[in-house]
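Okay, so here's the structure we're looking at.
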Amino acid sequence: MKSANNSKSILEDDGEEEEFEHFDDFTLASSWERFISGIEAVCRQWLADGPKNLLVKDAVPVNHLKDLYKVKSEFTYAMKSYCLEYYFATVDDGKIPDWDHTLHDLQLSFGVIAPQSASGVVLDAPESSKLLSAVAIALSNCSCLWPAFVPVHDPSRKSYIGIQNMGTVFTRRFEADRIGSQVPVKLMHLEGLYELFVSKFAYTAVDWSMNHFEVHFKMKLTYRTPIYDDEDEIHDPDADITGSSENPEGEIHGKTQWDDDLPWSKWYSAEDPVKGFELHAIWSEIIAESSLDMAELENASPIEADKWFLCPCLSQHLDISDGSAIGFASQLHLLVKALEMSSEAKFIEDFVSGSETLKSSAVVPPPTVLDRVLKDLFHEVMEAETGSSPAEHKSSRSIKGAPLESLFAQFCLHALWFGNCSIRAIAVLWIEFVREVRWCWEESQQLPRMPANGPIDLSTCLINQKLHMLAVCIDKKYREAEGHTVGADESETTQEDLQIPRDISASHGVSKEGSGRKNDGNDAAGVAESMMLLKSRKIMHAPITQDPPPMTEDMHEERLKAAEALGDSFSFSAQLEKEILASDMSAFKAANPDAVFEDFIRWHSPRDWENDGNEEIGVSKSSVWPPRGKLSERMSDPGNSWRKIWNEAPAVPASEQKPLWDPNREGEKVLHYLETLRPCQLLEQMIFTAFRAAADTLNQTSFGDMKQMTIKMEQLYLTIASMLKYLHAQNTTSDIELLEDLKRLCTTFEHIENLILLAASLHGKFLQSPYLAQAIFSDCYNFYLPNMGTSSADAQVDTKREFNEKQEIKARDRDLILSMFTPPTANQSWRKVLSMGNLLNGHEPILREIIFSKRDRVSGSYYAASSPKLYQQDIETYRMYVSGTSNDLGVALAVASFD
């Protein structure tokens, strides 16, 4: 109610007076009224804003609860400060699930007013009633149907009283309390809880015995798979054991780790991301008429429950690591730090005899560990050499590293775990590694983990190319020492692999008929099919030629620069490969004494022989001779280098020619490169190879038909390749932005690695039901995906979230889930003092939740258009929610009544 009061104000302006009118609101005369008005104003503002605007303003998440936020406002009344809080969900379809733990303890969105004190709880009964009345009046003035609660009693009891205007003639009142210890035995059983509920509306024992009340009953029991300890003499899946190359067996006290058979187990033992499972057995609504029905339900087995839901208990390190988890990602991060320090010295030896600070901070493992690593690299490789290599990911070669089973890739993986991957430890390991490589060279021992033949793969890093070159040199040197020569039928090098213009394989084959090492003493491998010499009309023989010398990437670049310096594009091939070309021509002349230059071109480079539209005529088709054709323009040029070489080349078989390359000289060049490699060059190639090898190792993981991981692995390879190409192009290790990008790449790798571990764990646990593993993984993937790529600081709030997605278990899978609940051991059984019943394979529920409710049809009347109207309505007049265990029991009661 408002009252008006007129007052005058005289302004001296040309002698005229001006009147002003204002209002005094006497409804706010008292502090109590002003207190209610302040609450009402805040509530109206919250109502007007709605959840979306409140999120933009100052709403904050509530603990770990998903999609639940709160805003608050402070007030002062009677010399005390109070805080009004409003809780709301971002997704609200108007339905509150019975068992939805993503909501607040009170299972509803609500407003709470509480004193802003240390305890946050109202201890005085009159004060609590007065506060609740103030909020109820304010909400009624706003026509708001929010329930309001005031916390009372000691904070440990989590007690509330509350009220809600239901928009009709009914009002709902709330009361919640909790027993934190010494729960009465009667209240641990369904029969006692049923009697407690009935006592709220049936006040005497006569009422209980004479009347049959229809009580609606729902129950949810939560079971957790057992976690064993040392006393049970069974492996504890929660044990956080981190293996390394120093403990390759990955075993502690003889216990078996969950990932012993998984591809990363040689390098480390990961914490199982799935700590266990929670099973939720739910009984849908049942109508109970007496306590006998409750006794029967308490003896019921959880197997008889209407529905089963399964939820994994996940490791807290799964979404955002706090740095304590050990894996490839953590070690790659250390390798990036080593790369950052690698530019501080010119020689790798400088880090071994570095400053005292470096020596004290970067500890090198003892010689026994070093010997064990070198033994694994150079001696225990029989399996790697004889076994089949794992299938390579299609995008792996886009990373300029080294194949997973190669010598350098294995060196890089060992380096990740050697001495915590410090620059000093890497320097010590590399020096000893090169010494072992030199020993293999000097003793003509096969270089392990490297092929001794075939073309050098230029898509790999230069160190891998050099090691391949050295392996070929060792093999060549050994064969020469033993008096062996490589024939055409012994060589594994194909024409497609050669880096020279010999393209006879693309147009003409060698006849198998009559093939051999020699033919008519001309050192021929066989007959060139359907080809005859132009002048003598004799059959053309394909000669045995020397294999072209293997070349690494830097050798190709050197030759390319030399050829570019000559500036003659037509003579590029002749200048670049003069020795190889001269050798081929000499061998061709020896195999075909009557040959002319045009015959060599027709065999060696058919693209430089231009036909006149007629096919070449063979022995059986000699009606037209000679074949109509001519040399190409570049080959017919009088100054062509090819013809000059042809004229100078003697007719000498390949077996009598000077070798095209000297394995001794090339082998020493490789060792010189390895021994003088700059630290920054070594670390850069280690970065490439370590990322590729780690990804290739994880890619071997079996995780079933989880398409999300297949896509993620493809994205990981492409991301690594893209980032490292930029590192290679920059050719520097001091770029701060580049180093930060590499650290972010480690974070990305960590997320994928965590998902791989999760997928492997679920796949192994649900081999009999792969679709269930896929469904649970999809839930986890969708839950954690928003955090992928964020730093720990950025995701500080999100890490508080709890994963609680549940998968319904079909009837055919219940036996599989039941087998996870192994019967408790003797040590575990004696610890159970009191049982609530409903045991599952001897295990009692870790949480029991029950909802009792009573519904009544009520009649009433209201006035509409000046005439009374009657109505009938079904309402839930009583509802009691019970949640607890044998040591902790919470009860919340809601009662609807006429105002």
Side-chain angles (χ1 to χ4, degrees), residues 346-348 397 400-402 406-408 434 437-438 441 447 450-477 493 495-503 545-585 605 641-642 644-645 657-686 688-689 724-725 727-733:
K346 292 183 178 181
F347 304 103
I348 200 70
R397 294 173 65 87
K400 198 173 179 62
S406 67
L407 183 58
F408 185 59
V434 175
V437 171
R438 175 169 282 283
W441 164 251
L447 198 62
M450 298 303 300
N453 46 42
I456 294 178
D457 188 354
L458 302 183
S459 68
T460 62
C461 66
L462 189 55
I463 292 179
N464 184 74
Q465 296 178 40
K466 293 291 186 182
L467 292 173
H468 189 175
M469 169 72 83
L470 186 63
V472 174
C473 292
I474 292 174
D475 182 71
K476 184 74 171 177
K477 187 173 71 168
T493 305
Q495 294 290 345
E496 291 80 356
D497 299 323
L498 305 183
Q499 304 295 328
I500 60 175
R502 184 188 301 156
D503 51 6
T545 59
Q546 293 194 67
D547 288 335
M551 289 191 293
T552 57
E553 187 176 19
D554 58 338
M555 296 170 64
H556 279 284
E557 292 176 356
E558 289 177 5
R559 292 200 175 193
L560 181 60
K561 291 178 181 178
E564 290 176 347
L566 295 173
D568 185 357
S569 59
F570 286 110
S571 61
F572 168 75
S573 294
Q575 295 295 335
L576 186 61
E577 306 290 349
K578 181 178 179 180
E579 294 180 356
I580 301 174
L581 191 59
S583 174
D584 288 351
M585 288 179 174
S605 183
S641 300
W642 283 49
K644 181 179 179 181
I645 297 173
Q657 295 176 12
K658 179 184 176 181
L660 291 174
W661 65 294
D662 183 359
N664 291 289
R665 181 183 61 185
E666 296 301 330
E668 287 295 337
K669 285 183 178 180
V670 170
L671 288 167
H672 177 74
Y673 170 81
L674 297 177
E675 291 170 345
T676 60
L677 191 63
R678 292 174 63 89
C680 58
Q681 294 173 326
L682 170 63
L683 266 296
E684 178 186 323
Q685 296 183 64
M686 286 184 65
F688 277 80
T689 302
L724 297 186
K725 279 182 180 179
L727 168 63
H728 187 66
Q730 291 296 104
N731 196 25
T732 178
T733 60

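Both backbone and side-chain heavy atoms feed into the values below; hydrogens, waters and symmetry mates do not.
Closest approach of Met469 and Met555 over heavy atoms only: CE-SD, 3.5 Å. Across Met585 and Ile645, no two heavy atoms sit closer than the pair SD-CG2, 3.7 Å. The heavy-atom pair separating Thr689 from Phe408 by the smallest distance is OG1-CE2, 3.3 Å. For Arg438 against Leu671, the heavy-atom pair with the smallest separation is NH2-CB, 3.5 Å. Listed here is the closest heavy atom pair of Pro550 and Ile456: CB-CD1, 3.7 Å. The two residues Trp441 and Cys473 have their closest heavy-atom pair at CZ3-CB, 3.8 Å.
Residues that satisfy the side chain to side chain donor-acceptor pair (under 3.5 Å) test with Gln657, not counting sequence neighbours, are Gln546, Ser583. Listed by chain and residue number, nothing satisfies the side chain to side chain donor-acceptor pair (under 3.5 Å) test with Trp661 (two or more places apart in sequence, or in another chain). With sequence neighbours excluded, the residues that form a salt bridge (Lys or Arg N to Asp or Glu O under 4.0 Å) with Asp554 are Lys466. Lys669 is linked by a side chain to side chain donor-acceptor pair (under 3.5 Å) to nothing, counting only residues two or more places apart in sequence or in another chain. Take Lys477 and apply the salt bridge (Lys or Arg N to Asp or Glu O under 4.0 Å) test, not counting sequence neighbours, and it matches no residue. Residues passing the side chain to side chain donor-acceptor pair (under 3.5 Å) test with Thr460 are Asn464, sequence neighbours excluded. For Arg397, the salt bridge (Lys or Arg N to Asp or Glu O under 4.0 Å) partners are Asp457, not counting sequence neighbours.
The distance from atom NZ of Lys346 to atom OG1 of Thr676, rounded to the nearest 0.5 Å, is 13.5 Å. Between atom CD of residue Glu675 and atom CD1 of residue Ile348 there is a gap of 13.0 Å, rounded to the nearest 0.5 Å. Atom CD1 of Ile580 and atom CG of Asp547 lie 10.0 Å apart (nearest 0.5 Å). Here Ser605 contributes atom OG and Leu581 contributes atom CG; the two are 9.5 Å apart, rounded to the nearest 0.5 Å. To the nearest 0.5 Å, atom CE of residue Met551 and atom CD of residue Gln465 are 11.5 Å apart. Here the CG atom belonging to Leu462 is positioned 8.5 Å from the CD atom belonging to Glu557, to the nearest 0.5 angstrom.
A distance-only check finds a donor-acceptor pair linking the side chain of Lys400 to the backbone of Leu458 [under 3.5 Å].
Look at Lys476 and Glu666 and you find no salt bridge, because none of the NZ, NE, NH1 or NH2 atoms lies under 4.0 Å from a carboxylate O.
Using a 4.5 Å heavy-atom cutoff, the side chains of Ile463 and Leu682 are in contact.
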